[in-house]
Visitor: 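Would you mind keeping the following structure in view while I ask a few things?
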Amino acid sequence: MVDLHTRYLGLDLRSPLVASASPLTGTLEGLRRLEAAGAGAVVLPSVFQEQLTEEARTLETIAGRQPEPRDPRDPRASRRSLAALRSYNTGPEGYLTLVEQARAALSIPVIASLNAVDAGAWVEYAPLLEDAGAHALELNVYFVATHLGLPGSEVETRCRTLVRTVRDQIGIPLAVKLSPFFSALGNMAMHLVDAGADGLVLFNRFYQPDIDPETLQVTSTLTLSTSQELRLPLRWIGILHGQLPVSLAASSGVHTGLDAVKAVLVGADVAMTTSALLRNGPEHLAVMEGELRGWLQRHNYGSVAEIRGRASRRTARDSAVFERANYIRTLTTAAHLPS
């Protein structure tokens, strides 16, 4: 039998196939289906910084004063405050319940998720997730720098401060999901690890706005990914593998077992999938696992661990494919295609 076991964020997983945040991971029924289909771990949908900030404001309004001081080492005290808001906003409190239920019902790691822009009082919610039973926390840094006066260095400092602040709040592993839009992504990755990240999820998939030409309004549409989008994560995981003491997760474009093979070959510990499961259902994980096993068997590998990093920049016969030479080679090849 082929051994699919892997380690991610210091956690033992039965498989590198991870169900990332989606509506499917937002219910206990969906989580059970994903586990039954073979998920190595599940990432719950994100709680947004804006939700937690609004909860704090509402609490102050209801109480007519500042919240009572509490011992910051006791996350349950903050949870009791959130419980008082159940009739006003069930989001954050209901999320803690989902974490508790998932931890009790599943035998695979449950990873909670926070989506944020910068640090603030809302980070006190992070230890509540640990207290509720989350095995790890994924911090999804989703930020578009639209202000023309905001320098890139300030954006990077904000991200590092956010990671360091959340790291100081929790004792469980912390993964950071980030975008590829940094001028020096490798350097940024190094600073995030120094700030306390135990893992990097590459990459956050920005949902771009569209324009309705009839109403002249900006519209929001959900477009599921394709396997072609995996190329950018492959490139950067291949570059970072072996250079940082951190777990690496491929995200965006993982639709098949062969996509997962590619992710592991460049150095990923896990391959996260969302769009494929939304399109085909949770049971598609079993299909992906069969494809992954089949590839390993056909190529005479006994485990996932044997192929990890075999095609990374450090081990590739032609490391230039990860750099500028690949760009030049691709264009010169295209020039000879029939018109």
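Here, residue 1 is the first one in the sequence, and each next residue gets the next number.
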Visitor: Could you tell me whether the side chains of D269 and T6 share a donor-acceptor contact shorter than 3.5 Å?
Guide: no
Visitor: For the pair S275 (side chain) and L224 (backbone), establish whether a donor and an acceptor sit closer than 3.5 Å, ignoring hydrogens and angles.
Guide: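 Answer holds: no.
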Visitor: So do L44 and V99 actually touch side chain to side chain, heavy atoms under 4.5 Å?
Guide: yes
Visitor: Could you check if a side-chain atom of H255 sits within less than 4.5 angstrom of a side-chain atom of M288, using non-hydrogen atoms only?
Guide: no
Visitor: Consider only side-chain N and O atoms of S20 and T274, and report whether a donor and an acceptor are under 3.5 Å apart.
Guide: yes
Visitor: Could you tell me whether a side-chain N or O of Q243 sits under 3.5 Å from a main-chain N or O of L240, the two making a donor and an acceptor?
Guide: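 No, because the side chain of Q243 does not come within donor-acceptor range (under 3.5 Å) of the backbone of L240.
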Visitor: Mind running salt bridge (charged side-chain N to carboxylate O under 4.0 Å, His left out) on R14 and E289 for me, showing each step along the way?
Guide: CA-CA 11 Å; R14 65 168 299 276; E289 180 177 315; 3.1 Å; yes
Visitor: Taking all non-hydrogen atoms of both residues, which atom of L28 and which atom of A105 are closest, and how far apart?
Guide: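 Closest approach of L28 to A105: CD1-CB, 4.0 Å.
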Visitor: Just how far is it from atom CD of E156 to atom CG of N187, taken to the nearest 0.5 Å?
Guide: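 So the gap between those two atoms works out to 7.0 Å.
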Visitor: Indicate yes or no: at least one non-hydrogen side-chain atom of R103 is less than 4.5 angstrom from one of H135.
Guide: yes
Visitor: Could you tell me whether the side chain of N204 reaches within less than 4.5 Å of the side chain of V141, counting heavy atoms only?
Guide: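 A side-chain contact is absent here, since even the closest heavy-atom pair is not under 4.5 Å.
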Visitor: So, does R293 use its side chain to make a donor-acceptor pair with the main chain of V2 at under 3.5 Å?
Guide: yes
Visitor: Atom CG in L174, atom CG in L9: separation rounded to 0.5 Å?
Guide: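 The CG atom of L174 sits 8.5 Å away from the CG atom of L9.
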Visitor: Report yes or no: does Y95 contribute a side-chain atom to a donor-acceptor pair with the main-chain N or O of V47 at less than 3.5 Å?
Guide: no
Visitor: Are side-chain heavy atoms of W236 and L200 found at a separation under 4.5 Å?
Guide: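 Side-chain contact under 4.5 Å: no.
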Visitor: For H5 and S15, test the side chains for any donor-to-acceptor distance below 3.5 angstrom and give the result as yes or no.
Guide: no
Visitor: Please give me the minimum heavy-atom distance between V201 and E138, naming the atom from each residue.
Guide: CG2-OE1, 3.6 Å
Visitor: Do you know which two heavy atoms are closest between L98 and T27, and how far apart they sit?
Guide: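 Minimum heavy-atom separation between L98 and T27: CD1-C, 4.2 Å.
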Visitor: For G309, is there any backbone N or O sitting under 3.5 Å from a side-chain donor or acceptor partner on S312?
Guide: yes
Visitor: When you measure from the side chain of R313 to the backbone of I239, do you find a donor-acceptor pair of N or O atoms at a distance under 3.5 Å?
Guide: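 The answer is no, because no donor-acceptor pair under 3.5 Å joins these two groups.
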Visitor: May I ask you to test the L11-R7 pair for a side-chain heavy-atom distance under 4.5 Å?
Guide: no
Visitor: Does T53 form a side chain to side chain contact (heavy atoms under 4.5 Å, CB included) with E50? I'd like the steps, not just the answer.
Guide: CA-CA 5 Å; T53 301; E50 292 81 355; 5.7 Å; no
Visitor: For the CG atom of L34 and the CG atom of L277, what is their distance to the nearest 0.5 Å?
Guide: 6.5 Å
Visitor: Please report the shortest heavy-atom distance between F203 and S179, naming the atom on each side.
Guide: CD2-C, 3.6 Å
Visitor: Taking R308 for its side chain and V304 for its backbone only, find out whether a donor-acceptor pair lies under 3.5 Å.
Guide: no
Visitor: Could you check if a side-chain atom of L24 sits within less than 4.5 angstrom of a side-chain atom of V42, using non-hydrogen atoms only?
Guide: no
Visitor: To the nearest 0.5 Å, what is the distance between CZ (F143) and CG (L162)?
Guide: 11.5 Å
Visitor: Can you see whether R160 engages T157 through a side-chain donor-acceptor pair at a distance of less than 3.5 angstrom?
Guide: yes
Visitor: Does a donor on one side chain sit under 3.5 Å from an acceptor on the other, for D118 and Q49?
Guide: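 Per modelled atom types, D118 and Q49 side chains form a pair under 3.5 Å.
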Visitor: Is there a donor-acceptor pair closer than 3.5 Å between any side-chain N or O of E306 and the backbone N or O of G302?
Guide: yes
Visitor: Would the distance check show the side chain of S251 and the main-chain N or O of L202 forming a donor-acceptor pair, the cut-off being under 3.5 Å?
Guide: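 Not at all, since once roles are kept as given, no pair shorter than 3.5 Å links the two residues.
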Visitor: For the atom pair OG1 (T256) and CG (N280), what is the distance rounded to the nearest 0.5 Å?
Guide: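 If we round to the nearest 0.5 Å, T256:OG1 and N280:CG are 11.0 Å apart.
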Visitor: Between D259 and S227, what is the shortest heavy-atom contact and its length?
Guide: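 Closest heavy-atom pair between D259 and S227: OD2-OG, 2.7 Å.
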Visitor: Please determine whether residues V43 and L178 belong to a single hydrophobic cluster, defined as Ile, Leu, Val, Met, Phe, Trp and Tyr linked transitively by side-chain heavy-atom distances below 4.5 Å.
Guide: no
Visitor: To the nearest 0.5 Å, what is the distance between CZ on R231 and CG on L234?
Guide: 9.0 Å
Visitor: So which atom in A260 and which in L17 form the shortest heavy-atom distance, rounded to 0.1 Å?
Guide: CB-CD2, 3.6 Å
Visitor: Any side-chain to backbone donor/acceptor pair from H241 onto I237? Under 3.5 Å, distance only.
Guide: no
